[in-house]
Amino acid sequence: MPVLKLKSMKISRIKPLANVALWVVIIGGIVFALGFGISLHLVKEEVQKWSDRQADLAIANISSYVDGQLRGVEDVAYTFSGANLGYSARPDDGVGIAELDPAVFGNPTEDDMFVKLENFLDANPQICGIAVGFEPGVSRWKEGPYGAACYVTNVSGSCERLRLGEINDYRNKEWYSQAFATGEPYWSRPFRETSRGKVVTCFSLPIKDKSYSTIGVLALDIDTEAFRIKCIETAPFPGAEICLIDRENRFISHSDVSLILTSAADVERYAPVCSEDISQERNKTIEDGSDIFYLARIDRNGWKVCAEFDKEAVYGSVNRMRQMTRAIALLSLIIMGLCFAWLFRRLQKTTLKQANIESELNVASNIQMGMLKSPNPELEATRNVDIHAFMKPAKVVGGDLYDYCLVEGKLYFCIGDVSGKGVPASLFMTEVLALFRNQTLNSTTAAKIVTSMNETLTVGNDTSMFCTMFVGVLDLESGVLDWCSAGHNAPIVGGQFLKSTPQLPLATFPGIHYCGNETVLKPGEFILLYTDGVSESENGSKSLFGDERLLASAAREAAKEGQTSYGYVSGIMEDIKAHAGTAEQNDDITMLVIKYD
């Protein structure tokens with residue numbers, strides 16, 4: 001049953017509430033401080049995990065990129081050698097290093113070889129230089145003081161030819177001597193080119209004759225600047241440095257270009273990196289001083305990928321949060337204390353106003369209950385009828401209604417349940433009662449009363465409210481009961497529900513012609529009218545009182561000798577209270593009991 005809900009606070013409740021609020025402030029501040037400290041610890045652990053993940057991703061990215069670039073250089077070296085020097089396969093294909101095939105190699109002139117080298121550079125922009133050098137007496141090229149070797153370098157987009165045999169002793173250079181001595185492919189130490197100032201590394205591929213004797217070397221240069229740019233782009237956050245370090249612990253790439261080709265051992269913070277041997281490990285983490293280092297090895301040429309994370313960049317925010325914990329906790333306590341003081345003063349100011357509202361609502365409730373009572377001296381003097389009504393609103397103002405009056409020897413009575421909530425519902429209830437009392441003056445039938453009330457209530461019903469209602473007209477001489485139900489709960493007569501064809505509640509649609517019914521009450525028989533708050537009363541487990549309990553309770557009370565309508569209602573209410581227990585009343589409870597004598 002919808003009602004107007006308004007919680008009123010008594011002055012006596014303010015002090016207990018204030019005490020509770022004060023304890024809430026104190027305990028809340030303590031819990032906040034503890035929780036904040038614990039959360040900081042957990043946050044630091046999560047930050048560490050995040051840092052590890054960022055390092056793993058950055059190192060994996062750089063390792064994959066560098067290894068892919070180096071692999072690409074090796075691939076094009078074997079492709080070139082296969083097409084121009086008679087090479088047929090890579091050594092790791094299980095065939096071994098192929099020999100120089102005269103049928104393929106032939107006897108090209110130096111100019112022919114220079115053209116091939118230039119075409120190769122044009123087709124492979126990632127290569128910045130390519131050289132082919134032989135031992136003395138192997139080729140038919142014109143030899144210089146140091147031998148026969150062709151070198152082509154890409155300078156500002158154009159190729160430059162060099163006859164190395166006339167310039168320097170290339171056979172003592174690392175790119176040639178290491179591959180020639182071992183007979184295996186070799187990645188040289190990075191070095192700075194004198195002509196362009198670029199830092200390059202060189203892949204050397206030995207050239208062998210049919211007896212698998214090394215007779216020369218093919219060398220390809222690759223610029224490491226792309227590696228440096230990639231490392232800078234891969235740094236996951238400010239304060240992170242990703243760099244490459246070669247086999248001799250020299251920087252190959254670093255955001256500080258002045259460190260390139262200098263020893264990492266000369267930079268104090270990188271000393272732990274130089275002392276760590278990761279030849280047997282893929283990844284390693286070193287925490288030293290103000291930095292965290294993550295290391296990984298590139299197997300192809302023995303370089304290291306180093307991720308350097310500044311601890312302040314990683315943990316700085318956490319440390320600052322830890323320092324602010326006490327201040328924040330104290331500030332929170334102050335704010336909560338001020339809020340408590342404001343709330344207390346607010347409660348003091350509004351208590352009187354709320355008390356006045358409560359008083360006005362109580363007056364409204366008393367007026368409403370007074371409207372529902374219908375003292376009638378003529379009815380009280382009648383000996384063959386005993387009538388008693390009971391209403392218990394769930395809140396201050398209810399929406400249930402009942403009424404009864406005696407007109408020309410007939411008892412007109414009704415019970416109803418208005419939809420909606422609060423004041424609108426109570427006003428609508430008042431209108432329904434006024435219409436019922438007006439209709440009883442015409443000494444008409446129950447069906448006509450309901451039909452006429454419906455027509456009136458549907459006019460201007462903008463709020464779409466409605467009312468379930470049961471109207472009865474009891475002839476006190478004959479005991480004939482003329483009744484009509486507009487969607488209301490079926491009354492109980494003689495231990496059973498008084499059933500009829502279902503009809504719509506009042507104020508739903510105009511033009512409805514309601515049908516009436518007749519039954520005859522026996523002397524001493526009771527008729528119980530009630531609203532849904534009776535049968536739908538709930539207990540703590542949300543179980544309803546229900547129709548079966550109501551029927552049993554009504555039958556028991558009706559069977560008691562000398563039972564009155566008051567005792568009948570009281571007995572049913574005791575059963576409802578026993579069922580509900582300590583559960584709060586969820587709807588208005590209204591009953592109207594008539595005993596015909």
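Count residues from 1 along the sequence. Values in this document were obtained by computation on a predicted structure and should not be read as measured data. Only heavy atoms go into these numbers, but all of them, side chains included; no hydrogens, no water, no symmetry mates.
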Checking side chain to side chain contact (heavy atoms under 4.5 Å, CB included) against Leu529, which of Val593, Leu592, Val534, Thr590 comes through? Leu592
Determine all donor-acceptor pairs shorter than 3.5 Å in which one atom belongs to a side chain in residues 492-501; sequence neighbours excluded.
none

Output the distance between atom CG (Asp417) and atom CZ (Phe466), rounded to the nearest 0.5 Å. 8.5 Å
Any donor-acceptor N/O pair, Ser570 side chain to Tyr566 backbone, under 3.5 Å: yes
What distance do Leu544 atom CG and Asn586 atom CG have between them, rounded to the nearest 0.5 Å? 8.0 Å
How many angstroms lie between CE in Met429 and CG in Leu427, if you round to the nearest 0.5 Å? 8.5 Å
Is the side chain of Glu538 donor-acceptor paired with the backbone N or O of Ala583 at a distance under 3.5 Å, no angle test? no
Enter the distance from Lys522:NZ to Asp597:CG here, rounded to the nearest 0.5 Å. 15.0 Å
Report yes if some heavy atom in the side chain of Leu401 is under 4.5 Å from a heavy atom in the side chain of Val432; otherwise report no. yes
Please answer whether the main-chain N or O of Asn454 pairs with a side-chain N or O of Thr458 as donor and acceptor at a distance below 3.5 Å. yes
Decide side chain to side chain contact (heavy atoms under 4.5 Å, CB included) for Thr463 and Asn461; before the verdict, give the C-alpha distance in whole Å, the side-chain angles of both, and the deciding distance to 0.1 Å. CA-CA 6 Å; Thr463 58; Asn461 186 18; 3.5 Å; yes
Which is it for Met469 and Cys414 under the side chain to side chain contact (heavy atoms under 4.5 Å, CB included) test, yes or no, and what are the steps along the way? CA-CA 7 Å; Met469 196 167 191; Cys414 71; 3.4 Å; yes
Heavy-atom pair of closest approach, residues Lys448 and Thr444: CD-OG1, 3.1 Å
Validation row: Tyr530, Ile572 side chains within 4.5 angstrom (heavy atoms): no
Kindly compute the distance separating CG (Asn489) from CG (Leu550), expressed to the nearest 0.5 Å. 9.0 Å
Using 4.0 Å as the upper bound for N to carboxylate O, is an ion pair formed by Glu233 and Lys230? no
Greater than 12 external heavy atoms within 6.0 Å of Lys577's NZ: no
If you take all heavy atoms of Leu406 and Leu411, which pair is closest and at what distance? CD1-N, 4.0 Å
Kindly determine whether Thr564 and His388 satisfy side chain to side chain contact (heavy atoms under 4.5 Å, CB included), including the steps that lead there. CA-CA 9 Å; Thr564 63; His388 181 72; over 6 Å; no
Measuring only between side-chain heavy atoms, which start at C-beta, is Pro236 closer than 4.5 Å to Phe309? yes
Apply side chain to side chain contact (heavy atoms under 4.5 Å, CB included) to the pair Cys405 and Arg437, showing each step before the final yes or no. CA-CA 8 Å; Cys405 62; Arg437 291 171 182 175; 6.0 Å; no
Examine distances only and state if a side-chain atom of Tyr514 and a backbone atom of Leu504 form a donor-acceptor pair shorter than 3.5 Å. yes
When you measure from the side chain of Asp575 to the backbone of Ser553, do you find a donor-acceptor pair of N or O atoms at a distance under 3.5 Å? no
Quick one: does any side-chain atom of Glu455 pair with a main-chain N or O of Gly511 as donor and acceptor, under 3.5 Å? yes
Can you name the nearest heavy-atom pair linking Ala446 to Val473, along with the distance? N-CG2, 4.0 Å
Quick one: are Cys231 and Cys243 in side-chain contact, heavy atoms under 4.5 Å? no
Indicate yes or no for a side-chain donor-acceptor contact from Asn384 to the backbone of Leu476 under 3.5 Å, with no hydrogens or angles considered. yes
Taking Thr451 for its side chain and Ala447 for its backbone only, find out whether a donor-acceptor pair lies under 3.5 Å. yes
Spacing of CG belonging to Asp386 relative to OH belonging to Tyr596, to within rounding of 0.5 Å: 14.0 Å
Between Phe413 and Tyr402, does the ring centre distance come in under 6.0 Å? no
What pair of heavy atoms forms the shortest contact from Ile59 to Ala296, and how long is it? CG2-CB, 3.2 Å
Has Gln563 got a side-chain atom pairing as donor or acceptor with Phe526's backbone, closer than 3.5 angstrom? no
Once the angle between the rings of Phe470 and Trp483 is folded into 0 to 90°, is it parallel (under 30°), tilted (30 to 60°) or perpendicular (over 60°)? parallel
Compare every heavy atom of Glu525 with every heavy atom of Val520, then report the nearest pair and how far apart it is. O-OE1, 4.1 Å
Closest heavy-atom contact between Phe293 and Arg269? CZ-O, 3.0 Å
Identify whether the distance between the nearest side-chain nitrogen and carboxylate oxygen of Lys410 and Asp482 falls below 4.0 Å. no
Flag, side chain of His488 to backbone of Val471, donor-acceptor distance under 3.5 Å: no
